[in-house]
Peer 1: 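Take this structure first; my questions come after.
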Amino acid sequence: MTTKARTWFSALSTVSLLTMSAAFPVHQALADQPGPVEAIEFDPAKAALGKRLFFDPRLSGDAALSCSSCHQPENGFTDGQALSDAYTGNLHFRNVPTLINSAKREAWFHDGRIGTNLNDVTRESITETYSMNMDMRLMQERIKQDPVYVEMFEAAGFGEPSNGGVRNAIPEYLKTLISRGAPFDTGEMSDEAKAGYELFNASGCSSCHSGERFTDDLPHNIGVGDNPDIWADPTRHITFVTMMKFLGVENYMNLRADPGAYIRTHTADTFGTFMTPTLRELTYTAPYMHNGTMETLEDVVAFYNAGGGDDENKDPRIKPLGLNETEQAQLVAFLKALSGEPLTGPEFVAEEIDTDYAPIENWRETTN
């Protein structure tokens, strides 16, 4: 749940909430529930190439990090940490968002600073100093040395290995990461989860967590507190300072709060707003929130039940829900019912990449 996730009224009983949901058709009934996440058409040869690139550490400056270092299949394509790692020698100041269904996102990263062009997202993730710190000209020459890539780029219709091919192949792989088999979609929800879904709609959660991915792809402020580890750890703080300086945030050296989507607008009312996260695959992607400050779904539901946190920019619709322990457990059961089959099979995970091959002699003079 997030910002528009609360109701217009505070401390309503469960009965009155359900009554309101029937009286006001803003919140959809069970009959109008979102369906399964629709698959995206993709090119198999390009996706296979993108998969291998995604798991290849040679795409980072020091050849130590791959995309999958932070986006691990067994953790729902997150890393299972509150705050993520960064390029060698540094740490990051935000939680890793899932890449499952991410090819359908309206805007990328917790602050939404990049739109729908996955080519741009791929380039930033590879080249940014705090991510993979790669010079794409060097990357291109590295992959040209690998005979497997020479064949795969040709089979994918890209010709010889190139930067442009990488920026197109990885997004093609991301299109394959689609949720499937969740009890919510298969009609196998428990009675507890069904009751939780009724509460989810009646409480106003669906006004932000809407559609097949359960997100409106918009930034909101729900009063999540800052993670003090960002400021206590110099290797995280320096990453924060570097990014804030680059994005033109004022007084970045003295800032002790994550501005979120403020970096896009530089207007005071957007300070501390963050993109509504998807509710899909939550059982794999703990801890939660943009800074990982909530360890469990029970913590998240309790946070919303209390009316969110304290923040001068908090959305006024975030109010206490007044749910008892049983109702909160029902809501958690529904959230868990939005998780499906883990995407850990060979169609999603590359085989071990063999880098023990003979370099091409006189490679500067040799064409592919």
Peer 1: Could I get the full list of side-chain hydrogen bond (donor to acceptor under 3.5 Å, both in side chains) partners for Ser102, not counting sequence neighbours?
Peer 2: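 By the side-chain hydrogen bond (donor to acceptor under 3.5 Å, both in side chains) rule, Ser102 matches no residue at all.
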Peer 1: Can you sort out the partners of Thr273 under side chain to side chain contact (heavy atoms under 4.5 Å, CB included), two or more places apart, ordered by chain and number?
Peer 2: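 With neighbours one apart ignored, the set is Pro219, Asn221, Ala261, Thr270.
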Peer 1: For Leu247, does the CG atom sit with more than 12 other heavy atoms under 6.0 Å from it, leaving out its own atoms?
Peer 2: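 Atom CG in Leu247 is packed in, count exceeds 12.
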Peer 1: Which pairs with one or both residues in residues 36-52 pass side chain to side chain donor-acceptor pair (under 3.5 Å), sequence neighbours excluded?
Peer 2: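 Counting only pairs at least two positions apart or across chains, the side chain to side chain donor-acceptor pair (under 3.5 Å) contacts touching residues 36-52 are Arg52-Asp146.
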Peer 1: If we ignore hydrogens and angles and just use 3.5 Å, is the side chain of Tyr197 paired with the main-chain N or O of Met189 as donor and acceptor?
Peer 2: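 Judged by distance alone, no pair lies under 3.5 Å.
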Peer 1: Applying ring-ring contact (aromatic ring centres under 6.0 Å, His included) as the test, list every pair that has at least one member in residues 66-96; sequence neighbours left out.
Peer 2: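 Listed by first then second residue: His92-Tyr130, Phe93-Phe240.
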Peer 1: With a cut-off of 6.0 Å (strictly less than), are more than 12 heavy atoms of other residues, nucleotides or ligands near CD of Glu347?
Peer 2: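 Yes, enclosed.
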Peer 1: Can you list the residues that meet the side-chain hydrogen bond (donor to acceptor under 3.5 Å, both in side chains) rule with Thr235, with sequence neighbours excluded?
Peer 2: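 side-chain hydrogen bond (donor to acceptor under 3.5 Å, both in side chains) check on Thr235 returns Asp233.
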Peer 1: Quick check: are there more than 12 heavy atoms from other residues, nucleotides or ligands sitting under 6.0 Å from NZ of Lys314?
Peer 2: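 It does: Lys314 NZ has more than 12 such atoms within range.
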Peer 1: Go through Asp185 and Arg280 one step at a time and tell me if the salt bridge (Lys or Arg N to Asp or Glu O under 4.0 Å) criterion holds.
Peer 2: CA-CA 11 Å; Asp185 301 321; Arg280 293 283 184 175; 2.7 Å; yes
Peer 1: CE of Met139 to CG of Asn163: how many Å apart, nearest 0.5 Å?
Peer 2: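 CG of Asn163 is found 4.5 Å from CE of Met139.
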Peer 1: I'd like to know whether Thr276 forms a side chain to side chain donor-acceptor pair (under 3.5 Å) with Thr215, so could you lay out the CA-CA distance, the side-chain angles of the two residues, the decisive distance to 0.1 Å, and finally the verdict.
Peer 2: CA-CA 6 Å; Thr276 303; Thr215 172; 4.6 Å; no
Peer 1: Using the side-chain hydrogen bond (donor to acceptor under 3.5 Å, both in side chains) criterion, which residues pair with Glu281? Sequence neighbours excluded.
Peer 2: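 In terms of side-chain hydrogen bond (donor to acceptor under 3.5 Å, both in side chains), with neighbours along the sequence ignored, Glu281 is linked to Ser179.
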Peer 1: Could you pull out all residues at least two apart from Glu341 that satisfy side chain to side chain contact (heavy atoms under 4.5 Å, CB included)?
Peer 2: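 Listed in chain order: Arg180.
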Peer 1: May I ask you to check whether Phe274 and His110 place their ring centers less than 6.0 Å from one another?
Peer 2: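 So the answer is no for these two rings.
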Peer 1: Check for a donor-acceptor pair, side chain of Ser339 on one end and backbone N or O of Leu282 on the other, with a separation under 3.5 Å.
Peer 2: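 Checking the backbone N and O of Leu282 against the side chain of Ser339, a donor-acceptor pair under 3.5 Å is found.
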Peer 1: Tell me which pairs pass ring-ring contact (aromatic ring centres under 6.0 Å, His included) where either residue lies in residues 40-62, with sequence neighbours left out.
Peer 2: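 Checked against ring-ring contact (aromatic ring centres under 6.0 Å, His included) - neighbours excluded - the pairs reaching residues 40-62 are Phe54-Tyr173.
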Peer 1: Within a radius of less than 6.0 Å around CD of Glu151, do more than 12 heavy atoms belonging to other residues, nucleotides or ligands occur?
Peer 2: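 Result for CD/Glu151: open.
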Peer 1: Just jot down the ring pair (Phe, Tyr, Trp, His ring centres under 6.0 Å) partners of Tyr262, sequence neighbours excluded, or say none.
Peer 2: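 Tyr262: ring pair (Phe, Tyr, Trp, His ring centres under 6.0 Å) contacts with His266, Phe271.
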Peer 1: For Ala107, what residues pass the side chain to side chain contact (heavy atoms under 4.5 Å, CB included) criterion, not counting sequence neighbours?
Peer 2: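 Expected list: Met275.
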Peer 1: So which residues get pulled into Val96's cluster when ILVMFWY side chains under 4.5 Å apart are joined, directly or through others?
Peer 2: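 In the cluster with Val96 there is nothing else; it is isolated.
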Peer 1: As a quick check of understanding, evaluate side chain to side chain donor-acceptor pair (under 3.5 Å) for Glu192 and Ser190, giving each step before the final call.
Peer 2: CA-CA 5 Å; Glu192 186 181 31; Ser190 66; 4.8 Å; no
Peer 1: Once side chain to side chain contact (heavy atoms under 4.5 Å, CB included) is applied, do any residues pair with Asp111, and if so which ones, sequence neighbours excluded?
Peer 2: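 Asp111: side chain to side chain contact (heavy atoms under 4.5 Å, CB included) contacts with Arg94, Phe109, Arg113, Met243, Ile263.
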Peer 1: Output the distance between atom OG (Ser131) and atom CG (Asn90), rounded to the nearest 0.5 Å.
Peer 2: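 Interatomic distance, Ser131 OG to Asn90 CG, rounded to 0.5 Å: 11.0 Å.
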